[in-house]
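Each chain gets a letter, A, B and so on, in the order the sequences are listed, and its residues count up from 1. Values below: every heavy atom of this structure, side chains too, minus hydrogens, waters and symmetry copies. Given the structure is predicted, the values throughout are model-derived calculations rather than measurements.
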Amino acid sequence: MVPTSYYMILSGILFTIGVLGVLVKRNPIVIFMCIELMLNAANIAFVALGRHFAQVNGQMYVIFALAVAAAEVSVGLGIIVSIFRTRESINVDEMNLMKF
Amino acid sequence: MGNALCRAARGTCSAYIPGYLNAMPSAPILVFFILAAVAVISALMVVTNVNPVRSALSLVVTFLSVALLYITLSAHFIAAVQIIVYAGAIMVLFLFVIMLLNLGAPAEAEPKNKAQSRAALALSAVFLTALALAPLVTFSTDAKSEAAIKNLGTVSTIGASLYNPALPWLFPFEATSILLLVAVVGAIVLAKRRI
Amino acid sequence: MILSNGASLAAIAPILAVMITGMIVLLGDSCLKLWRQAKWVSPTISVLGLVVSAALACSLIGTSGQQLAFSGALTADAFSQACNIILAVIAALAVMGSATYLENRGLQHGEYYVLVLFSTSGAMLMAAASELIVLFVAVEILSVALYVLAGYARTERKSEEAALKYFLLGAFAGGFLLYGIALIYGGSSSIVPGQVGTTNLRALGIYLHQMPAPNQMFIAGTALLMVGLAFKAALVPFHMWTPDVYEGAPTSVTAFMAAAAKVGAFAAILRVFNAFIPISEYWLIIVQVLAVATMFGGNILAVVQDNVKRILAYSSIAHAGYLMVGISALTGSGAATDALKAEAHSAAMGGITFYLLAYGIMTMGAFGVLIWISRRGRDVQTLNDLKGLVKTDPVAAYTMLIFMLSLGGIPPTMGFMGKWFLFYATLQAGQLWLAVTLALASIISIYYYLRVVWVMCFTEPDENAVAPGRAVASGGVVVSLIASAAATLLFGVAPGLLHSLMDAASTVLRP
Amino acid sequence: MPSIGNDLLHGILPNYIGSFHVVPWVPYIALAGILGFILGIVPGLIWIERVVIALMQDRSGPNRVGPRGLLQTMADGVKLFFKEDISPRSVDLKIYYLAPVIAMIPALAGGGTLPLQALTFRNVHSGALFTQNLTVGDVNIGLLYILALSSLQVYGVVLAGWSSNNKYSLLGGLRASAQLISYELAMGLSLLCVVVMAGSLNLNDIVAAQNVMPWPLKSGPAELKGSIFSWYWCQSLFVPVIIYTIAMIAETNRAPFDLPEAESELIAGFHTEYSSMKFAMFFMGEYASMLTVCGLNAAMFWGGPLPPFNMVIFTVVPGVVWFILKVMLGIVFYVWLRATLPRLRYDALMNLGWKRLLPVGLVWLFLIAGFGLVRETGAANVNEDITVAADNSVDNPTLSVHYRPTSSTGEVKHIGRKALPSLPLPGGRKLNDDPAAPAPGAENGTPGQPAGQPAGVQPAPQPAQEERHEESPGNPGNGASGVAPLPVTPPPAGGAGRPNEGGERVRLAPREGGERRGENPERREER
């Protein structure tokens, strides 16, 4: 059986890539995708840990995380679509109506 | 050969594996590494691609390989749901929006914010070491026996635990319906032209 | 004790009341034409539901002990009921203040109240959550509704921009939160007998008490959880979104967001860190650094602002810092004996609860004044718009004065008493330097609050300002303003009236 | 019903170590059969479509190449194969080439869990009979697998539309994705009704659940067992079958829902820019997915490989033939619709999906679930009767390889239990529980729990439940120790009475579970 640590390291790597993506990308849709990647990394960790402990808990968490991801996506893409209606671009660098 | 590999894959009768096969990593490890490599590479492509459509496609590949990883963790139901929800619904919505807004054309050279990128990389490196090394220390012992986990991911086990009033999952499950209701109302409020 | 499922439903009746009211408003508004046409129906029903919820919470607050509802998913104890009361009051004030404002800007739809009610229920769940995944779901119920509300003025670019920023950073924080939960789930196996994981805060508290030796994974998880919650509570340095979102969102939403989201987030932080008190040597210093950074960061940045909404945004950040001081006092780290530690704990619990209520009421009041004086079409935005308010609209100016004094922590207001309780708890906990820092930060804050007062009272009205004339008063805002002003003064003079609330909250024990 | 494995990987790599509980080559036969059938029948389907449409339109149809034009599609295929491969300059090349492949793979893979036939074998050594399903992957998430693949199908269309860099293609792709997402919900709801009735996601189990006496009858002529009246189209699922059929046509973008390629508005929609073999792949993908959804329809609502009546004249025909026949009827239905119905307007299409099919499906699901709940709780005795009846009705199989849609003794018991539409109740009725075990929903569910003893509330799986039940009355703190007033009683140090958050109550204890189950399920799990 593949050791749980392997899965945890994989999930750590995916989470880091997600965080990195959020920090460096400029397109909100891609940023959002990177956030989904972070959630997925957490899900891998949950399932792997659940197997490690022989608990069904790990998979329960994933079900809730999935529901949350779905809800976030519908609202997030709604925001992006509605923002595109009033301006032609959605680059986060152009979100500069409000400055410090 | 195939037979032996199959045995190795099952991990049941390792004593009968010919000596030369012992040197090989067992099949599950190989499968894991292949899937993990696909997941990580496609995840990196999500970040490195300039074209949002390609990013989305790479993310779909990541999700699919994650789904297969769930199968190797004997979480079949989660694997199927991962494909249905993430690959089949969420990413399709992403693609739909990208296409609707016609963002597909490769963006004009992204203004690179060097300082921010460097800070992000440094931060990520810290994260990576912290997150990747922590489990190494914690999980020195191996997981439970295979018999204990083989039924964890079946639909009946999941359903029976999710709806079991003696377990704490029933309430969050119901609370999730409020969340989805909020999302539905919210999406309509945001995106419908006239409320 | 564990409640049966029926008793659990009864114990969370205040939350259910809010949820059910939300569904009634949603159904009524979408199905009944008369309901939709009469604009006052949805807010009235919403307020009624919130009042019912608060009343239920008041009747349940006497229940003592640590009741686990739904097999450990929720803790339906007195503190959660206290938070229910606070949140119901905030939401009721917000709903009353919103109606006219939305009407003026053509945004009056039933969905607004539905979202407000649901997000209130999310914040209530955050205060009650005892399983971390329930906390996560509750955070998302609150946040998803707030993302939508922030972008509620769909035709305004600022509002949309605020929604996008809030959404992206909120979802980012959600990712941290979830990963933190995952790591805590894995890391807890070293302290849980049987080498299995758990994310139940009560269980974690007990196990940590027995064996305060978390492994690295657990600590990493706690750190990520803290980052996620700090984003939600807008602590420096995770506060970047706050001013923009507060400025861009419609003012009525800003008011609700500033109050309810912060109360929910702090209730959750309190629940988490209360369970983690046995390992406070790992996180106490971080909490204290966050507290100091947040107090000074918020206050100093507020000084240089010209936009009233941004000033209030930074002020809300600073208030989050004061509350973090209270979290630090929970541990009683400097207290000598266990008895003193317990005393510091209960003082801090009471202080935080009182402060949450005070903060909610005075924030709602300050934004309520802005709503009241904003005229058709445009918001009151800059300090310029407030110039000479005392001449053009003296009632509004004096009401604003009350809230500014209260936010600044000047007696005899509720804000002063709140700060005093926190100060006292910090002293009890033996954290003298932190108490001094709190006092210093409040002194800085007085500058910009008094600046607003000065602009209102001692300058001539600006011809170009938004609100030169008397605003058309409307029932809802007036009621909400009168209520919050009265409460600010009353509880400032006689904080003992809230004795039972604070006592109830302090029944949350140290693990 | 024995399965080859619990999951997909094990299903594809069957376990043939040890005594023969499964025949290792059966899944490969099924794989070869399904792939070969789908790929081989597509030219035939196109011929059928053209001939039937010609018949309906009262014209000749293909009649030049080969007898009755049978070879016409072959000729077309050869032409497409040798045509010059044109790729327009402005396309996104990688994705442009990838799209037809993506369109085809899920359609071909979708047949992986279709129940073609139940085969009976005799073990050479022990002489015992056992049944094995002719299915590529006889997995417990069979239906979810098909749904997952069908949800992936949209990518081919969307990517083709986007990468062509052509506004008609883009519009086609957009329409396709919106349509697929919308109709997937209605489709899922209608299939959920079946799942609620059958209590399983395994398609073989669902077929087996239809192989009983038609519902109101408890006993009667053996010819009616598993007959056309006991299939789910007739067993109070006549509304879901309609919803599914409409949704399946929309899912495959066929007339009258072929808006993504509406030639009058969008030229050819998403495949406007595609030519030669790439176009042919879209074409084949479309037909392959038609076959898959028709196969699912046949399995879910029309009894799969079951013959219409349990009479010798029908049962001598192998089940797989019946299955193919049902699929072909579905295809002809497709063609019939295409020949007779005009294309819908786009808003009408969306309204139909969201405002008609979805609410109706939801209401019907509630009805089915409530109905099942009532019968489940009110009919414990009936349940036993039917089990016995099912036992008696088994005729002894004599052939070593015996084409019969039913299965061995243990299976029929199991089918007997499935005779009633069942809701998965709290407490977890499991498919492969020993039928002799007490009905879990009725006796062990929580309603009867004393309120003061939440510790006695059982964990999910059946066998673990019994153990817990013995412990709990004597030790009310068990499972509740995490909840004792905090500093007063820290939980005991031992592992047994650990709190609910910890292992014991939450962990589903499959190890104990396995031992208590009957012989047959145990073997099934090992695989």
What pairs of residues pass the salt bridge (charged side-chain N to carboxylate O under 4.0 Å, His left out) test when at least one of them lies in residues 47-75 of chain B, not counting sequence neighbours? B:R54-D:D92

Between A:Y61 and B:W169, what is the ring plane arrangement, given parallel below 30°, perpendicular above 60°, and tilted in between? perpendicular

Is the ring pair B:F32/A:Y7 parallel, tilted or perpendicular, if the boundaries are 30 and 60 degrees? perpendicular

Taking all non-hydrogen atoms of both residues, which atom of [X] and which atom of [Y] are closest, and how far apart?
| X | Y | answer |
| --- | --- | --- |
| B:L190 | A:S82 | O-CB, 3.3 Å |
| B:F77 | A:I63 | CE2-CD1, 4.2 Å |
| A:C34 | B:V46 | SG-CG1, 4.3 Å |
| A:L37 | B:A43 | CD2-CB, 3.7 Å |

Sequence neighbours excluded and cut-off under 3.5 Å, please list the side-chain donor-acceptor pairs for residues 82-100 of chain B, or say none.
from, atom 1, to, atom 2, distance (Å)
B:Q82, NE2, A:N40, OD1, 2.9
B:Q82, NE2, B:F63, O, 3.3

Check each atom of A:V47 against the heavy atoms of chain B and say whether the ones under 4.5 Å are side chain, backbone, both or neither. both

Under a 4.5 Å heavy-atom cut-off, does chain B meet the side chain of A:M33, its backbone, both or neither?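 Both the backbone and the side chain of A:M33 come within 4.5 Å of chain B.
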
Using side-chain heavy atoms (C-beta onward) and a distance below 4.5 Å, is B:S161 in contact with A:N57? no

Are B:V81 and A:L66 packed together at the side-chain level, in the sense that at least one heavy-atom pair is separated by less than 4.5 angstrom? yes

For B:L162, is it the side chain, the backbone, both, or neither that has a heavy atom closer than 4.5 Å to a heavy atom of chain A?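 Both backbone and side chain.
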
Does any heavy atom of chain A fall under 4.5 Å from the side chain of B:T176, the backbone, both, or neither of them? side chain

